[in-house]
Amino acid sequence: MIPRTSTPTTARFRKGLAVLASSLLMAGLWLTGMVPVTSAHADESDHEMARRALREGKVMPLRAVLDKVEKEFKGQVLEVELEHDDGRFIYEIKMLGDQGMLSKLKVDAATGQILKIKQKRKH
């Protein structure tokens, strides 16, 4: 058996793949309602709150928001969270751009308007 050597680049690549895989899994589970979203309501489960907000028109469907965001930001969605702060629903979307730029977007879940953008270059 040939011993496997691990270089810093290989280790970072494996870690990156693990993070990407878990992020995509969480996003997929969230889309199906199997993972809770952040909530200030203790008496209602998070996914029930998110579904009610969608049914009542308080938030746009995630796919519609992603379609809107992906027109402006080319890249791969890594993670999505739905937050409910101060009576307002916010989608927090992390994306990896084609040129290695990591973007964190805060998007108004009701309108799809991008509220805040943080970007940093991946090492």
Side-chain angles (χ1 to χ4, degrees):
M1 180 173 181
I2 300 172
R4 239 172 54 177
T5 59
S6 181
T7 66
T9 303
T10 305
R12 280 195 311 268
F13 179 75
R14 286 187 186 135
K15 183 179 179 184
L17 282 179
V19 169
L20 176 61
S22 65
S23 295
L24 290 174
L25 175 62
M26 291 300 288
L29 291 173
W30 183 83
L31 285 171
T32 62
M34 296 175 69
V35 174
V37 294
T38 308
S39 170
H41 303 288
D43 60 338
E44 180 178 33
S45 74
D46 293 336
H47 70 277
E48 288 171 356
M49 180 203 53
R51 288 179 192 214
R52 183 174 47 84
L54 180 62
R55 189 175 54 248
E56 293 174 359
K58 293 179 181 176
V59 299
M60 293 176 62
L62 179 58
R63 182 72 261 160
V65 171
L66 290 177
D67 287 344
K68 193 171 185 177
V69 166
E70 288 172 337
K71 286 180 183 177
E72 293 184 48
F73 294 89
K74 303 297 180 208
Q76 182 176 10
V77 174
L78 300 177
E79 184 178 348
V80 177
E81 294 180 27
L82 179 62
E83 300 173 351
H84 187 243
D85 294 320
D86 298 324
R88 186 179 195 183
F89 288 97
I90 304 290
Y91 282 116
E92 186 176 286
I93 303 168
K94 291 181 185 174
M95 296 182 72
L96 180 61
D98 296 336
Q99 303 300 316
M101 183 72 71
L102 187 62
S103 300
K104 185 176 181 179
L105 310 166
K106 292 209 177 225
V107 180
D108 185 303
T111 66
Q113 176 185 1
I114 298 172
L115 304 172
K116 187 174 181 182
I117 303 167
K118 285 185 183 179
Q119 292 183 316
K120 64 181 177 181
R121 181 135 329 258
K122 198 99 160 133
H123 301 287

Test: K104 and E81 ion pair at under 4.0 Å = no
request  = Might you point out which heavy atoms bring Q113 and K68 nearest each other, and give the distance in Å?
outcome  = N-NZ, 4.3 Å
Pairwise distance CE(M95) to CD1(I117) - rounded to 0.5 angstrom = 11.0 Å
Considering all heavy atoms, the nearest I90-L115 contact = CD1-CD1, 3.5 Å
Listing, residues 55-62 side-chain donor-acceptor contacts under 3.5 Å, not counting sequence neighbours, or none:
residue: E56; atom: OE1; partner: K58; partner atom: NZ; Å: 3.1

Which residues share a side-chain hydrogen bond (donor to acceptor under 3.5 Å, both in side chains) with K94, sequence neighbours left out = none
query = Going through the checks in order, is the side chain to side chain contact (heavy atoms under 4.5 Å, CB included) test met by V69 and Y91?
reply = CA-CA 11 Å; V69 166; Y91 282 116; over 6 Å; no
message = Rounded at 0.5 Å granularity, tell me how far CD1 in I93 sits from CD in E79.
response = 11.0 Å
query = Charged N to carboxylate O below 4.0 Å: is that the case for D67 and K71?
reply = no
Under 3.5 Å donor-acceptor, R88 side chain and A110 backbone = no
request  = Just jot down the side-chain hydrogen bond (donor to acceptor under 3.5 Å, both in side chains) partners of Q119, sequence neighbours excluded, or say none.
outcome  = S103
key: Smallest separation among heavy atoms of T111 and D108, with atom names   = N-OD1, 3.1 Å
